[in-house]
> 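This is the structure, below, for whatever I ask next.
None of these values were measured; they are calculated from a predicted model. Reminder, nothing fancy here: chain letters follow the sequence lines and each chain counts from 1.
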Amino acid sequence: MQDIASVLSKDSAGKEVTVRGWVYRARSSGKIAFIVLRDSSGVVQAVAHSENFTPEEFNILSSLTIESSMELTGTVREDSRAITGYEVGVSGFRIYQRNESFPITKDQSEDFLLDIRHLWVRSREFTAVMKIRSTLFKAFADFYYQNGYYQVQTPFMVSTAAEGGATLFKVPFFGDEVSLTQSAQFYLESLIFSLEKVFTIGPSFRAEKSRTRRHLTEYWHAEIEAAWLGNDDLMEVEERMMEYMVQAVVENNKEELKLLGRDVEKLKKIKAPFERIRYGDLMKRAREDWGLDFEYGTDLGADEERALMSHFDKPVFVTHYPVEHKSFYHRPDPENPKEVLCHDLLAPEGYGEVIGGGERIWELDVLEKRIEEAKLNRDDYYWYIDLRKYGSVPHSGFGLGLDRVAMWVMGLENIKDAIPFPRTIRRTRP
RNA sequence: GCCGUUGUAGCUUAGCUGGUAGAGCACUCGGCUGUUAACCGAGCGGUCGUCGGUUCGAAUCCGACCAGCGGCGCCA
């Protein structure tokens, strides 16, 4: 038994092989039947001639249905007429299951594909998507392991009062109520006091009724936190990481990118360093150089982001947002306390924000003051405040939307096409 | 939450100012020895999203509702 990719080589030509998988295409013309077989590694055409089989056997081979599962034995030969350049001359076969008709035919709508997502994940397109996604998740973890970080796990069920701002999902909990996590950040901040540099990959949940092509209700959040790092240090880490992740896909997923029709040249340009622009300077440039109607204090909405990013072909860091634009835990710039030491990373080609991060407040009195200003209940944050009482140190961290990165790297129209089973405001099946 | 848009066969759809629903794919049967989401012939398949209204007559016009999709806001 061997996988299909390994059959597609000059070494296999002339040899007898056995492959197994699912029927990708089936055609017959009386005395000859073509079967294109698919497995996780690729597809190969097989051809069966009626004179090599009993009428009953040939009838089975010439009436196979799409996605039926089977095993084929035969001799490999090079043939330019076959879809992948090689062909198996069938001498024997075994059917595992002959299907009724497969629901997916050549005409499909986005909506229908979501309804039968459990079957659409078998398509060559979606197989390519999942292979690239796998590379991205691996590259993220590899990068941090190589840089001395530890992988940690944090709870998904959390006490209801947390970060404030984003809307949380409420879940019954032994007569009480908990929320589904929207970020591991506070837990990661706790763990740097032993491990110093940590990362985690897990789902985050947002109960906002977002209806856009770049929002999911449940998404994969990659977060890191590191002691002794400042905002600038962290951006250096991030740009090296982005380069590492994108180039990993460029190197390992050539076939998949081609199948998805992605322009690889755009990805090859994603190399550190990335430009860093202070929010205030960005507004100034937008107004003076690009003629956009922005002023200090304008929120960066989707339209503004797209307008700005049309001037760049690499991701851009936007730093030093006004205090009131950001959550309470961001550290005010000691040189200008009206702005915080933070950054968003905006992806090119209109894909928008993929990272939000920055330096955390590590001084106890500053944190207490900001919690008060944000009108948050101090008791809810007792453990977060405690971290500033016992050996507090400067530290920074960020959160990255892996599905958004995947969407951008693959050049997809909708974030739902970047995850196997998307959860949105109205879709929980399959 | 606000705004927009769509709903006709298993899937993709045509159907103009109202006259009684047509096609392609899939499926079944027949034909075909080199096909590339094959081709040729035949067949099967529709309470036109739901409910109500106008009308001699509604897929078509009107109203309400339901469901999906998209845009904004929020964010990753």
Side-chain angles (χ1 to χ4, degrees), chain A residues 23-36 43-52 58 62-63 65-67 77 79-85 87 89 99-116 119-120 123-124 163-168 181-185 201-223 299-306 325-327 344-347 351-357 398-408 413-416 418-419 424-427 429:
Chain A
V23 175
Y24 180 66
R25 300 282 184 262
R27 291 175 283 271
S28 69
S29 58
K31 298 269 170 56
I32 187 168
F34 297 96
I35 299 155
V36 180
V43 300
V44 66
Q45 173 166 290
V47 57
H49 296 271
S50 63
E51 69 257 27
N52 299 328
F58 188 74
S62 62
S63 65
T65 50
I66 302 291
E67 288 303 314
R77 61 175 164 269
D79 193 318
S80 60
R81 293 169 296 187
I83 182 169
T84 42
E87 175 174 276
N99 295 336
E100 296 305 309
S101 81
F102 194 64
I104 301 176
T105 62
K106 72 172 186 174
D107 297 309
Q108 322 113 354
S109 63
E110 179 66 20
D111 191 28
F112 179 63
L113 259 24
L114 283 166
D115 287 339
I116 43 89
L119 302 176
W120 177 242
S123 66
R124 292 184 85 196
E163 199 173 316
T167 322
L168 298 161
T181 181
Q182 55 156 319
S183 168
Q185 181 190 326
I201 298 175
S204 274
F205 307 88
R206 299 285 164 95
E208 277 109 4
K209 293 185 174 176
S210 296
R211 307 189 45 77
T212 80
R213 69 179 64 175
R214 55 204 196 102
H215 284 88
L216 291 168
T217 296
E218 175 186 297
Y219 68 97
W220 283 83
H221 209 171
E223 294 171 275
D299 266 319
L300 268 190
D303 291 343
E304 289 82 4
E305 258 179 34
R306 265 191 293 275
H325 281 211
K326 291 288 175 180
S327 306
D344 285 350
L345 184 69
L346 307 182
Y351 283 94
E353 186 181 343
V354 291
I355 288 178
F398 71 83
L400 169 144
L402 281 166
D403 314 278
R404 278 199 185 165
V405 172
M407 177 192 180
W408 158 50
E413 289 289 310
N414 198 305
I415 198 166
K416 287 190 287 231
I419 183 170
T424 67
I425 162 174
R426 308 199 191 197
R427 195 174 280 279
R429 294 193 307 172

> Using the P atom as the reference point in each nucleotide, state the distance between B/A58 and B/G53 in Å, no decimals.
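Looking at atom P only, B/A58 and B/G53 are 12 Å apart.
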> What residue among A/Arg81, A/Glu87, A/Arg27 forms side-chain contact (heavy atoms from CB on, under 4.5 Å) with A/Val47?
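So the option named by the test is A/Glu87.
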> When the P atoms of B/C39 and B/G52 are compared, how many Å lie between them, rounded to an integer?
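Those two atoms are separated by 45 Å.
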> Is any side-chain heavy atom of A/Asp115 closer than 4.5 Å to a side-chain heavy atom of A/Arg427?
yes
> Would you check if A/Tyr219 stacks with the base of B/A76, given a 5.5 Å centroid limit and a 30° plane limit, both strict?
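Stacking between A/Tyr219 and B/A76: present.
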> Using the C1' atom on both, measure B/G68 against B/C32 and round to a whole Å.
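B/G68 and B/C32 have their C1' atoms separated by 44 Å.
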> Determine the Euclidean distance between corresponding P atoms of B/C62 and B/C69; express it in Å to zero decimal places.
26 Å
> Once side chain to side chain contact (heavy atoms under 4.5 Å, CB included) is applied, do any residues pair with A/Ser101, and if so which ones, sequence neighbours excluded?
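With sequence neighbours excluded, A/Ser101 shows a side chain to side chain contact (heavy atoms under 4.5 Å, CB included) to no residue whatsoever.
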> Would you indicate whether A/Glu100, at its atom CD, is surrounded by more than 12 heavy atoms from other residues, nucleotides or ligands within a distance under 6.0 Å?
no
> Pick one: which of A/Val354, A/Ile419, A/Ile201 meets side-chain contact (heavy atoms from CB on, under 4.5 Å) with A/Leu402?
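Only match with A/Leu402 under side-chain contact (heavy atoms from CB on, under 4.5 Å): A/Ile201.
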> Of all residues at least two apart in sequence or in a different chain, which pass the side-chain hydrogen bond (donor to acceptor under 3.5 Å, both in side chains) check with A/Asp344?
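A/Tyr321, A/Lys326.
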> Could you say whether A/Ser80 or A/Gly399 is positioned toward the 5' end of RNA chain B, judged by the nucleotide with the nearest heavy atom to each?
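The residue closer to the strand's 5' end, by nearest nucleotide, is A/Ser80.
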> Given B/C25, B/G34, B/C75, identify the nucleotide with an atom nearest to the side chain of A/Ile32.
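The answer is B/G34.
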> At a cut-off of 3.5 Å, list every protein nitrogen or oxygen paired with a nitrogen or oxygen from nucleotides 26-32 of chain B, distance to 0.1 Å.
residue : atom : partner : partner atom : Å
B/C32   : N4   : A/Gly30 : N            : 3.4

> What distance do A/Arg25 atom CZ and A/Ile66 atom CD1 have between them, rounded to the nearest 0.5 Å?
6.0 Å
> Taking atom types as modelled, is there a side-chain donor on A/Tyr219 or A/Arg404 under 3.5 Å from an acceptor on the other?
no
> Residues two or more places apart in sequence or in another chain: which of them pass side chain to side chain contact (heavy atoms under 4.5 Å, CB included) with A/Thr105?
none
> Rounding to an integer number of angstrom, what distance separates B/G24 and B/U8 when you compare their C1' atoms?
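Those two atoms are separated by 15 Å.
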> Taking a pair as Watson-Crick (N1 to N3 plus N6-O4 or O6-N4) or G-U wobble (N1-O2 and O6-N3), both under 3.5 Å, which stems of 3 or more consecutive pairs involve RNA chain B?
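So the stems come out as B:1-7 with B:66-72, B:10-13 with B:22-25, B:27-31 with B:39-43, B:49-53 with B:61-65.
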> For nucleotides 66-73 of chain B, give me one character per nucleotide, 5' to 3': B if any protein heavy atom sits under 4.0 Å from the base, S if the only such contacts are to the sugar-phosphate, - if neither.
--SBBBBB
> Is any side-chain heavy atom of A/Thr181 less than 4.5 Å from a side-chain heavy atom of A/Phe205?
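Of all side-chain heavy-atom pairs linking A/Phe205 with A/Thr181, at least one is under 4.5 Å.
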> Provide the distance between the two P atoms, one in B/U13 and one in B/C29, to the nearest whole Å.
29 Å
> In Å and rounded to the nearest 0.5 Å, what is the OG to CZ distance from A/Ser62 to A/Phe34?
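Result: 12.5 Å between the selected atoms.
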> With C1' as the reference atom in both, quote the distance from B/A9 to B/G4 in angstrom, rounded to an integer.
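Going atom to atom, C1' in each nucleotide, I get 29 Å.
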> Quantified in whole Å, what is the P atom distance between nucleotide B/C27 and nucleotide B/A64?
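B/C27 and B/A64 have their P atoms separated by 43 Å.
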